[in-house]
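Letters A, B, ... mirror the listed sequences (proteins, then strands); counts begin at 1.
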Number of protein chains: 2
Amino acid sequence: MSDVKGAADLRATVVFNLGTLGALAADRFAARVEALGLKPKHAGLLAALDAGQAASQQELARRLGVAPSLIVALADQLQGLGALERVRDPEDRRRQVLGLTAEGRRLLSACVAAAQAADEELTSGLGDTQRAALARGLRLLGEQHRPA
Amino acid sequence: MSDVKGAADLRATVVFNLGTLGALAADRFAARVEALGLKPKHAGLLAALDAGQAASQQELARRLGVAPSLIVALADQLQGLGALERVRDPEDRRRQVLGLTAEGRRLLSACVAAAQAADEELTSGLGDTQRAALARGLRLLGEQHRPA
DNA sequence: TAGAATCATTCGAACTGTGAATGATTCTGA
DNA sequence: TCAGAATCATTCACAGTTCGAATGATTCTA
């Protein structure tokens, strides 16, 4: 292969396709959760709350890779929807411990359904085998890049 | 499987992993092309110019999925770097036809190298077989979602 | 040939997310 | 015990990015 690289070489790259398709997938997902009155980051926060133990906002900011001040805004909005509750940690009253409500779990479930529908739409052109291989590869790569 | 869906179901989704990893990949790539004085969109424009026939800015905006006014700004900056030239289309003097210069091809080549290095970094935890499968799946999916 | 359409360009505005400042609370070490 | 440092949630001003409307030049259409 030549040492002068062109557009074709770029398209063969994982990061290029990940970036492009990631933006596309994010748009499709965003369009669907918008019907729930949510942004993708809201869904991310709901999922983080469902996944781990009760966590402070500081800790959630680390997990989601965003500034703590953004968690405040997201939590405000989700609290306004009745999706989560803030409770002062009695053992450290600086901390606000966030917890999902029943409505929060309902919303999260709807977000997951939206993601699955978007999956169906996005990968409809792929055969079952290819779709499974892609899903597996992404899950693997994702597991290796989880924040501690 | 239950009909009430939780965080684990979301993480199993292609769109979720595509979105998350897409953002990660974009960041890694951006950090590398920044050393060249470029943003990822600049690289995208260079690649679009290298790939197709000479195109108007209007057409490039369609291909990249951005507003025409953004193409103006990107092209201004790349022209300032000597990476491309604007030529009035003699057959339609409203159009500016953009073309890569030798410097533009050099920059594109450096962008590709940056993407390949980012690939190496990002997928270093995967086996060769898995990496190839992932690259193939992404390329396939990407080809199906090309703008006309 | 007059008016509609299309192109590149400029400019103001919307949206997102960040980082610095603030007040409350907890920790630390003398 | 207590004074100062550290950590938490919160507010707020700000930067970065992208878009859409307005503009002028050019081309198309009837």
Side-chain angles (χ1 to χ4, degrees), chain A residues 19-20 22-27 29-31 33-34 37-45 48-49 52-80 84-99 147, chain B residues 19-20 22-27 29-31 33-34 37-45 48-49 52-80 84-99 147:
Chain A
T20 304
L24 182 62
D27 281 351
F29 180 61
V33 292
E34 194 179 10
L38 300 180
K39 301 274 181 183
K41 301 246 159 173
H42 292 129
L45 181 50
L49 289 178
Q53 299 304 326
S56 71
Q57 300 184 188
Q58 206 72 213
E59 172 60 23
L60 289 165
R62 262 178 241 118
R63 280 191 214 162
L64 297 186
V66 300
S69 57
L70 181 56
I71 301 290
V72 174
L74 293 173
D76 280 352
Q77 292 151 6
L78 287 174
Q79 195 174 22
L84 60 79
E85 49 193 2
R86 276 182 167 100
V87 178
R88 284 273 166 207
D89 183 346
E91 296 181 357
D92 183 344
R93 306 201 15 255
R94 291 170 302 184
R95 288 194 173 93
Q96 296 269 42
V97 176
L98 304 186
Chain B
T20 303
L24 182 62
D27 281 350
F29 180 62
V33 293
E34 193 178 13
L38 301 179
K39 301 275 180 180
K41 301 245 159 172
H42 292 131
L45 181 50
L49 288 178
Q53 300 303 324
S56 71
Q57 300 184 187
Q58 207 70 213
E59 172 61 20
L60 288 166
R62 262 177 240 118
R63 280 192 214 160
L64 297 186
V66 301
S69 57
L70 182 55
I71 300 290
V72 174
L74 293 173
D76 280 352
Q77 292 151 6
L78 287 174
Q79 193 173 22
L84 59 79
E85 49 193 3
R86 277 182 167 100
V87 178
R88 284 272 166 207
D89 183 345
E91 297 182 354
D92 183 345
R93 306 196 20 250
R94 291 169 302 183
R95 288 194 173 91
Q96 297 270 42
V97 175
L98 304 186

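Counting to the nearest Å, the C1' atom of dT18(D) and the CG atom of Leu45(B) are 15 Å from each other. Whole-Å rounding puts the Gln77(B) CD to dT18(D) P distance at 11 Å.
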I need a per-nucleotide contact map over nucleotides 1-15 of chain C, read 5' to 3'. Cutoff is protein heavy atoms under 4.0 Å; write B for the base, S for backbone only, - otherwise. ----BBSSBB-----

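Here the side chains of Leu64(A) and Lys41(A) are not in contact, with every heavy-atom distance at 4.5 Å or above. Residues Gln96(A) and Asp89(A) form no side-chain contact, since every pair of their non-hydrogen atoms from C-beta on lies 4.5 Å or further apart. Residues Glu59(A) and Arg95(A) are not in side-chain contact: their nearest non-hydrogen atoms beyond the backbone lie 4.5 Å or more apart. Using a 4.5 Å cut-off on side-chain heavy atoms (C-beta onward), Asp76(A) and Arg86(A) make contact.
Closest approach of Arg63(A) to Ala48(A), counting heavy atoms only: NH1-O, 3.6 Å.
Residue order along DNA chain C, read from the 5' end via each residue's closest nucleotide, puts Val66(A) first among Val66(A) and Asp89(A). For the pair Arg93(B) and Ala67(B), nearest-nucleotide mapping onto DNA chain D gives the more 5' position to Ala67(B).
A distance-only check finds a donor-acceptor pair linking the side chain of Arg88(B) to the backbone of Arg94(B) [under 3.5 Å].
Contact between the side-chain N/O atoms of Lys41(A) and the OP1/OP2 oxygens of dG17(C) is found at a separation under 4.0 Å.
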